[in-house]
Amino acid sequence: MKNIAIIGSSGGNLYNLGGKHPQQLLEEIEQQTDSAGIVITAIQFIAASESMDTAKDSTKASIWQKSEHGLSPSAEGSLAEINQQAKQLDQAIAQQIEAGKIDGLIVMSGDPEGANQQVLEAAAKTKIPIVGTGGTSMAAIASKGCRVISTSGTTGTTNRTRAVSFITSLSKEFKLTYRPILGSGKSQVSKGSGLRNINIRGIMMAALPGFIAMALVLALSKIPALGFLEDVFQVLIGALPVIIAVIAAKQVSELDEVSIVAGVIAGVLSVDGGIIGGLIGGIMAGLLVRFLFKTFVEWRFPMTTVNIGAGGIAGLIAGLLVFYFIAPIALFIGDGIKQLLEITIAFNPIIAGAVAGLLIWPAIIGGVYHAAILPIVLLDMERTGASFLGAIDMVGLVMVAAGINLANIIRPRDKGEAAVAAPGFAINMGFGTFVESAYPFMFSSKWIFGGALISASVGGALVGFFDIRGTAYVPTFTAPLLANNPVGFIIAMVIPCLLAFLITLTVNYFNRKSR
């Protein structure tokens, strides 16, 4: 077990007093030290309300330190007052270094002639390893005889990448095993190449707002006075692969801003491959940025170079592979799936809709919907802004769930069920989602469950009959406006909702009567 101390200062809007930025930076470092088996023994970090280059004695400031309660700032005061507290901490930490209780230092914009003088003098005597940021201050620290083993810039870096850089260098110096924590929680320790992070369902769900935005623009463009929005719709179609690539890269790599840059580059170069091309490009960018980031850190590149190199090179390699080799194949697969769906619907749209409506509840209950059906819906929406299966979703899931909820508000089996049903009905009608609100009623009665299947099947048949293309995940009163057949969509929405309502109402009536 190795012990380290963190010293330094920062100022400006990024480190507003009372804000979370100093805490986030220090907590990120603490999270990485935990993974390496390193203990932060002491902290002396000054946060000022303006840049340290222009700060005056009267500048508001606070000092972050480690106590038995964890990381915490002192009470706010002037910089002059905070510097007095800093000198006391400086002396205490210096004594710990001289006593051999601290094995290394992280220094961020340290002040070797002021607030950090005694600590750095003790570090120079004991030759403990030092890592940090701030080119001018680190050069001054090295000139004092301190053993600086790694210096990193701040340009183009994040709290996480700086923390990873610090702990990578210290763990190598201490000969400790260290796996960077790249996820959002301490349990998400980086292992392997990142393949385990690929989650098609999660990527598609996260990208859904982009598709809804496109559908809304398409609907508005149909208004005569807003016909110019047709050009915006075409731009959004081209943006969808970029959106998916960014989400995929971020989820796979877990490196936040670095992966976002890689995803954008890969996505822009993957546009010709459609959303499948964007998905492939984003996944490859995420895997590559993860690999390159770790490799460059291990090679002790400056952190600014690590971020620029990992993000830029990963995005470029992935994007070029899609642009020159994968895009035609991805586009062929996407078009093939859409054509297969259209052929199936064209064979007998009423039967196709009825079967889709009948199966959509078992699909969402069994977890198949988000993994298989939603990607097909988004593929269909990529071309026209609306989808046959998207319309099935609205009439078969959202409206049926709303009907079941409404029946349990008006005539519940038990008084308490009305309170459960009311929020579900409001959310389904107001937002076009939360179909799971019908589960308690469906699972408690096979008749209500069967009624839901029948109602969804009838709604699906109506979608086929009216040849509707639409979407869910929007307020029910706006859904017809986004469809190719608004009147038909209204009929297809109302009838299954009313049917589910009447079936549930009847079941509840006989259940209460039999008690």
Side-chain angles (χ1 to χ4, degrees), residues 2-12 14-15 21-22 24-30 32-33 36 38-48 51-53 55 61 63-66 71 82-83 85-98 101-155 157-174 297 300 302-304:
K2 296 292 184 177
N3 299 295
I4 65 168
I6 301 173
I7 64 172
S9 62
S10 191
L14 183 61
Y15 291 92
H21 294 288
Q24 288 172 347
L25 174 59
L26 296 173
E27 285 181 348
E28 190 66 62
I29 296 173
E30 186 176 44
Q32 301 301 331
T33 58
I38 296 172
V39 176
I40 299 174
T41 302
I43 295 174
Q44 179 227 47
F45 189 81
I46 299 172
S51 171
M52 286 297 184
D53 295 330
I63 185 167
W64 286 76
Q65 51 193 301
K66 186 170 184 178
L71 301 173
I82 294 303
N83 279 334
Q85 293 185 40
K87 287 181 180 179
Q88 296 175 11
L89 274 174
D90 185 39
Q91 183 179 11
I93 296 173
Q95 291 173 350
Q96 287 180 285
I97 293 173
E98 291 174 349
K101 295 180 180 179
I102 292 177
D103 304 298
L105 281 179
I106 294 177
V107 182
M108 292 175 281
S109 298
D111 182 5
E113 302 297 335
N116 309 125
Q117 182 176 356
Q118 296 183 66
V119 165
L120 293 172
E121 287 177 352
K125 291 178 184 177
T126 57
K127 298 299 179 183
I128 61 174
I130 298 175
V131 298
T133 60
T136 303
S137 67
M138 292 304 290
I141 290 168
S143 69
K144 297 286 185 181
C146 294
R147 188 160 71 93
V148 177
I149 63 171
S150 175
T151 300
S152 173
T154 56
T155 304
T157 64
T158 66
N159 289 340
R160 178 166 299 160
T161 56
R162 285 195 290 272
V164 169
S165 173
F166 295 152
I167 306 309
T168 297
S169 297
L170 288 173
S171 61
K172 279 193 172 184
E173 177 71 21
F174 297 146
V297 168
R300 295 193 179 185
M303 208 60 221
T304 300

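In this text, all values refer to a predicted model and were calculated from it rather than measured experimentally. For reference, positions follow the sequence shown, starting with 1.
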(request) Would you mind reporting whether N83 and I46 have side-chain heavy atoms less than 4.5 Å apart? (result) yes

(request) Could you tell me the separation between the NZ atom of K2 and the OG1 atom of T41, rounded to the nearest 0.5 Å? (result) 12.0 Å

(request) Heavy atoms only: give me the nearest K144-A124 pair and the separation to one decimal. (result) O-CB, 3.7 Å

(request) Can you see which heavy atom on S169 is nearest to which on I149, and at what distance? (result) O-CD1, 3.8 Å

(request) Count the heavy atoms of every other residue, nucleotide or ligand shown that sit under 6.0 Å from NZ of K87, and state whether that count exceeds 12. (result) no

(request) Nearest 0.5 Å please: distance from the CD1 atom of I4 over to the CZ atom of F166. (result) 9.5 Å

(request) Indicate yes or no for a side-chain donor-acceptor contact from D111 to the backbone of N116 under 3.5 Å, with no hydrogens or angles considered. (result) no

(message) If you define the side chain from C-beta out and look only at heavy atoms, does anything of R162 sit under 4.5 Å from L25?
(response) yes

(message) Less than 3.5 Å apart, any donor N or O on the side chain of Q117 or D90 sitting next to an acceptor on the other?
(response) no

(message) Rounded to the nearest 0.5 Å, what separates atom SG in C146 from atom NZ in K127?
(response) 7.5 Å

(message) Do Q88 and Q44 make a side-chain contact, defined as non-hydrogen atoms from C-beta onward lying under 4.5 Å apart?
(response) no

(message) Rounded to the nearest 0.5 Å, what separates atom CD in Q118 from atom CD in Q91?
(response) 5.0 Å

(message) With side chain to side chain contact (heavy atoms under 4.5 Å, CB included) as the criterion, how do D103 and N3 come out once you've worked through the C-alpha distance, each side chain's angles and the decisive distance to 0.1 Å?
(response) CA-CA 5 Å; D103 304 298; N3 299 295; 4.0 Å; yes

(request) Evaluate side chain to side chain contact (heavy atoms under 4.5 Å, CB included) for I29 paired with M108, printing each intermediate quantity in order. (result) CA-CA 12 Å; I29 296 173; M108 292 175 281; 3.9 Å; yes

(message) Within this structure, what is the CD1-CD1 distance for the pair I167 and I38, rounded to the nearest 0.5 Å?
(response) 5.0 Å

(request) Could you point out which residue of V131, T133, T151 forms a side chain to side chain contact (heavy atoms under 4.5 Å, CB included) with M138? (result) T151

(message) Which heavy atom of G110 sits nearest to which heavy atom of S137, and what is that distance?
(response) O-CB, 3.2 Å

(request) Enter the distance from T33:OG1 to I40:CD1 here, rounded to the nearest 0.5 Å. (result) 4.0 Å

(request) Verify, without hydrogens or angle tests, whether Q96 (side chain) and K101 (backbone) share a donor-acceptor contact under 3.5 angstrom. (result) no

(message) Testing the basics here: between T126 and E98, what is the closest heavy-atom pair and its distance to 0.1 Å?
(response) CG2-CA, 4.4 Å

(request) Grab the two heavy atoms, one from P129 and one from F174, that are nearest each other, plus how far apart they are. (result) CG-CE2, 3.8 Å

(request) Kindly indicate, with the supporting measurements, whether the criterion side chain to side chain contact (heavy atoms under 4.5 Å, CB included) is fulfilled by L170 and I106. (result) CA-CA 9 Å; L170 288 173; I106 294 177; 3.9 Å; yes

(message) Using the rule given for side chain to side chain contact (heavy atoms under 4.5 Å, CB included), can you reason through L105 versus L120, listing the C-alpha separation, both sets of side-chain angles and the distance that settles it, and then say yes or no?
(response) CA-CA 9 Å; L105 281 179; L120 293 172; 4.2 Å; yes

(request) Write down the atom of I97, the atom of A123, and the distance for their closest heavy-atom approach. (result) CG2-N, 4.2 Å

